[in-house]
Amino acid sequence: MTNYKNPPRYRLDFIRENTFNRVWSIRMTRPRVILGSLAIIAGMAALLWVIFAFTPMRQLLPGALRGNLRNQYLETALRLDSLEQSAKINQAYIDNIVAILNDELPSDSIKEIAEAQVILSDSLLAASEAEQRFVEQYRDEERFNLSVLSPIAAEGMVFSSPASVGAEISDISDVVPGVSIAAHGQTPASAVYRGTILSTTTLADGTTTVVIQHPNDFISVYSGLSDIYISRGKKVLAGQRIGAGSAGSPVVYELWHNGSPLNPRDYIPF
């Protein structure tokens with residue numbers, strides 16, 4: 001005689017407490033209980049992903065701040081620290097004035113007051129003419145390697161190569177930071193990062209220059225294109241083909257940040 005064993009079943013009942021009537025009942029086996037639990041967990045995970053991906057809640061995640069916000073927070077923190085130092089100096093200066101009026105200030109404290117006056121020249125105040133001349137001179141002399149904020153702004157951005165596999169990459173010159181891309185046939189050019197097409201300018205020699213605006217104030221420039229596959233105002237993705245140079249003619253690529261040219265080799269793996 002064969003013994004039949006029923007698999008264990010589970011039931012979830014919703015009973016109205018006043019009348020003890022069963023309102024709703026669910027019967028499930030063990031596999032269905034497990035699948036139902038997994039479905040609920042997956043649904044909650046998907047809901048959390050939607051909330052953090054498409055709402056301002058994403059700013060609460062570590063490392064999710066946009067580059068410009070991070071720079072603003074750093075600048076604000078520096079300004080707060082500077083203002084705190086200025087407040088302490090001003091308070092000490094007022095205390096010294098009160099001590100002078102009350103005839104309580106020793107004679108050797110006059111020098112300290114003068115030094116406090118000098119310290120009050122804070123970085124938040126307007127720069128003097130000498131400082132402005134120094135900054136302009138240093139900027140002109142070191143404009144191609146003075147870009148301290150560019151690596152900070154590029155954190156979290158993964159640039160792709162604008163050249164195809166096997167293309168020959170060479171530097172333009174020691175003065176202009178850019179690379180020349182050449183291939184055996186047509187030289188294809190791809191967007192190095194997602195962005196918006198700022199302009200497509202056709203020059204007198206018939207070639208076209210494409211400028212793309214990327215996040216965090218980065219701009220990429222592609223010169224020497226004979227064919228373009230995009231138009232002004234269009235959105236592009238990283239690695240998307242934007243055009244190609246004619247056979248035997250190289251394509252020149254440049255990378256800029258906040259109006260300063262950068263060396264593409266420092267940011268892009270060619």
Side-chain angles (χ1 to χ4, degrees), residues 1-81 149-165 188-198 212-220 229-231 233-242 255 257-258 264 266-270:
M1 183 175 181
T2 305
N3 294 327
Y4 294 97
K5 185 176 182 181
N6 293 329
R9 298 177 179 273
Y10 304 89
R11 184 172 67 182
L12 177 63
D13 292 333
F14 291 86
I15 300 176
R16 184 175 298 170
E17 186 177 359
N18 297 340
T19 61
F20 294 100
N21 292 332
R22 184 180 295 108
V23 179
W24 189 35
S25 179
I26 302 177
R27 296 181 179 180
M28 293 182 295
T29 60
R30 180 177 298 177
R32 289 186 177 182
V33 171
I34 296 175
L35 291 177
S37 302
L38 293 177
I40 294 175
I41 295 174
M44 294 180 62
L47 178 62
L48 290 176
W49 178 81
V50 171
I51 292 175
F52 283 102
F54 300 102
T55 65
M57 292 288 291
R58 64 184 303 178
Q59 304 296 334
L60 300 178
L61 296 176
L65 289 178
R66 292 177 297 178
N68 55 348
L69 288 179
R70 184 176 184 275
N71 294 337
Q72 291 176 8
Y73 291 159
L74 290 175
E75 183 179 358
T76 302
L78 294 175
R79 287 178 176 269
L80 287 176
D81 182 70
L149 295 180
S150 298
I152 299 177
E155 289 183 358
M157 300 177 65
V158 180
F159 293 95
S160 61
S161 176
S164 59
V165 178
S190 305
V192 296
Y193 201 75
R194 60 180 174 87
T196 305
I197 305 298
L198 281 183
I212 302 179
Q213 173 71 62
H214 304 289
N216 301 342
D217 298 325
F218 282 92
I219 290 179
S220 58
Y229 313 135
I230 41 80
S231 59
K234 296 295 184 180
K235 302 289 185 180
V236 295
L237 300 176
Q240 180 177 342
R241 189 66 54 82
I242 62 173
L255 183 64
H257 178 250
N258 278 336
D266 296 337
Y267 299 87
I268 300 174
F270 288 101

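Numbering starts at 1 and runs along the sequence shown.
Between Trp49 and Phe54, the two ring planes are perpendicular [angle over 60°; tilted spans 30° to 60°].
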- Task: Evaluate the side chain to side chain contact (heavy atoms under 4.5 Å, CB included) criterion for residues Ile242 and Ile212: first the C-alpha distance (whole Å), next the side-chain angles of each, then the deciding distance (0.1 Å), finally the verdict.
- Result: CA-CA 10 Å; Ile242 62 173; Ile212 302 179; 4.1 Å; yes

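Note: Ile219 CD1 to Asn258 CG = 9.0 Å, rounded to the nearest 0.5 Å.
Of all heavy-atom pairs between Ile268 and Ser160, the closest is CG2-O, 3.6 Å. Between Ser231 and Ile197, the shortest heavy-atom contact is O-CB, 3.4 Å. When all heavy atoms of Ser220 and His214 are compared, the pair lying nearest together is OG-NE2, 2.6 Å.
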Side-chain donor-acceptor pairs under 3.5 Å in residues 233-241, sequence neighbours left out?
residue	atom	partner	partner atom	Å
Lys235	NZ	Thr196	OG1	2.9
Gln240	OE1	Leu237	N	3.0
Arg241	NE	Ser190	OG	3.3

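A side-chain donor-acceptor contact under 3.5 Å links Gln213 to the backbone of Phe218.
Taking the side chain as every heavy atom from C-beta outward, Pro264 and Phe159 never approach each other to under 4.5 Å.
Arg11 is linked by a side chain to side chain donor-acceptor pair (under 3.5 Å) to Asp13, counting only residues two or more places apart in sequence or in another chain.
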